[in-house]
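Have a look at the structure below before the remarks.
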Amino acid sequence: ICCLPALVFDLKMVYNHPCRFKIGEGCPLEYAIKHFDSLTPRELYEILRLRSKVFVVEQRCIYQDLDDYDLDCYHLWLRDEQGIAAYMRLLDKGKYPDSVSFGRIIAARRREGLGTEIVRRGIIEAKRLYSPDKIRIGAQLQAEEFYKTLGFVRCGEEYDEDGIIHVHMVLPLRKED
């Protein structure tokens, strides 16, 4: 596996824009991207704890979260003094053989722009790492409108995954993006 070094940034400095989050003492947020092999045990624990809290406990969905895709992907997160504020994983043609994909997208606190920011960072990193022509996701139906605001379009029928209705979506990318 070819691994890039782990990157950790202060959001005030990344991509030359100021931190726009108004979350009390949580600004500036720290942004990190690491391949699985670069995660510390504490980072992995915090990621899995948040995923379990949201996808298993809050959504009351008993499923196998650890699906082996984690081993070959990049993990992206935003952190503040409360811990991981938003998270996602970036897969290179693993789940979908014809495209890069995102998964396990979480904002620990809703309606603060954290989900938008982590997906935006994922798009930037996908372009940097893989130069894809599209990005695919399997979105929970309840989040379809959120993903549409980021440019994703529905590309299939609804389907049941672990008792939750999902829909396939794709974000077409131009080479000059």
Side-chain angles (χ1 to χ4, degrees), residues 11 15 19-23 26 29 31-33 36 46-70 72-80 82-130 132-174 177:
L11 277 181
Y15 307 112
C19 182
R20 65 178 183 78
F21 296 101
K22 304 297 181 207
I23 54 175
L29 291 168
Y31 166 67
I33 175 172
F36 181 84
E46 194 172 355
I47 288 166
L48 296 177
R49 183 173 186 264
L50 177 61
R51 286 176 20 181
S52 177
K53 176 184 177 221
V54 172
F55 296 126
V56 177
V57 177
E58 285 180 16
Q59 295 182 357
R60 297 186 177 127
C61 182
I62 299 170
Y63 78 109
Q64 183 62 44
D65 179 36
L66 303 178
D67 58 9
D68 292 337
Y69 289 120
D70 288 309
D72 295 317
C73 72
Y74 284 89
H75 301 267
L76 294 72
W77 66 90
L78 302 172
R79 172 189 300 284
D80 62 16
Q82 297 174 35
I84 294 179
Y87 165 84
M88 65 171 287
R89 67 183 185 180
L90 169 59
L91 297 88
D92 175 26
K93 298 181 181 176
K95 187 170 183 177
Y96 301 100
D98 68 332
S99 66
V100 168
S101 64
F102 295 164
R104 306 296 197 263
I105 300 167
I106 305 170
R109 298 181 305 276
R110 278 49 168 216
R111 309 268 184 243
E112 293 183 14
L114 296 166
T116 298
E117 190 64 18
I118 198 66
V119 172
R120 193 176 79 74
R121 301 259 170 220
I123 294 166
I124 290 167
E125 297 296 355
K127 290 177 185 179
R128 181 177 70 84
L129 293 166
Y130 305 117
D133 62 348
K134 65 183 170 259
I135 298 170
R136 290 190 181 273
I137 59 172
Q140 291 185 7
L141 185 61
Q142 67 187 14
E144 180 179 11
E145 292 305 313
F146 165 74
Y147 291 111
K148 283 182 179 177
T149 67
L150 296 167
F152 286 86
V153 293
R154 183 183 240 196
C155 62
E157 298 298 315
E158 295 173 8
Y159 63 96
D160 182 298
E161 184 174 313
D162 300 312
I164 297 176
I165 302 301
H166 285 67
V167 62
H168 291 290
M169 300 186 82
V170 66
L171 175 67
L173 300 172
R174 297 184 313 255
D177 282 345

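For the numbers below, each heavy atom of this structure counts, side chains included, while hydrogens, waters and symmetry mates do not.
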Whether Glu46 side chain and Ile84 backbone form a donor-acceptor pair below 3.5 Å: yes
Testing Val119, Ile124, Leu90 for side-chain contact (heavy atoms from CB on, under 4.5 Å) with Leu76, which one passes? Leu90
Restricting to non-hydrogen atoms, name the atom on [X] and the atom on [Y] that form the minimum distance, rounded to 0.1 Å.
X      : Y      : result
Ala126 : Pro132 : O-CD, 3.3 Å
Gly115 : Phe146 : C-CZ, 3.6 Å
Leu114 : Ala85  : CD1-O, 3.7 Å
Ile118 : Met88  : O-SD, 3.2 Å

[Y] side chain reached by [X] side chain, heavy atoms, under 4.5 Å:
X      : Y      : value
Tyr74  : Glu125 : no
Asp80  : Arg109 : yes
Trp77  : Leu50  : no
Ile135 : Lys127 : no
Val170 : Val153 : yes
Phe102 : Leu171 : no
Val100 : Leu129 : no
Ile33  : Tyr31  : yes

Can you tell me how far [atom2] of [Y] sits from [atom1] of [X], rounded to the nearest 0.5 angstrom?
X      : Y      : atom1 : atom2 : result
His168 : Cys155 : NE2   : SG    : 7.0 Å
Leu141 : Glu158 : CG    : CD    : 4.5 Å
Phe152 : Ile137 : CZ    : CD1   : 4.5 Å
Glu144 : Thr149 : CD    : OG1   : 11.5 Å
Ile106 : Arg89  : CD1   : CZ    : 10.0 Å
Glu112 : Arg110 : CD    : CZ    : 10.5 Å

Please lay out, stage by stage, how Met169 and Lys148 fare under the test side-chain contact (heavy atoms from CB on, under 4.5 Å). CA-CA 9 Å; Met169 300 186 82; Lys148 283 182 179 177; 3.9 Å; yes
Can you tell me how the ring of Phe36 sits relative to the ring of His75, calling it parallel under 30°, perpendicular over 60° and tilted otherwise? tilted
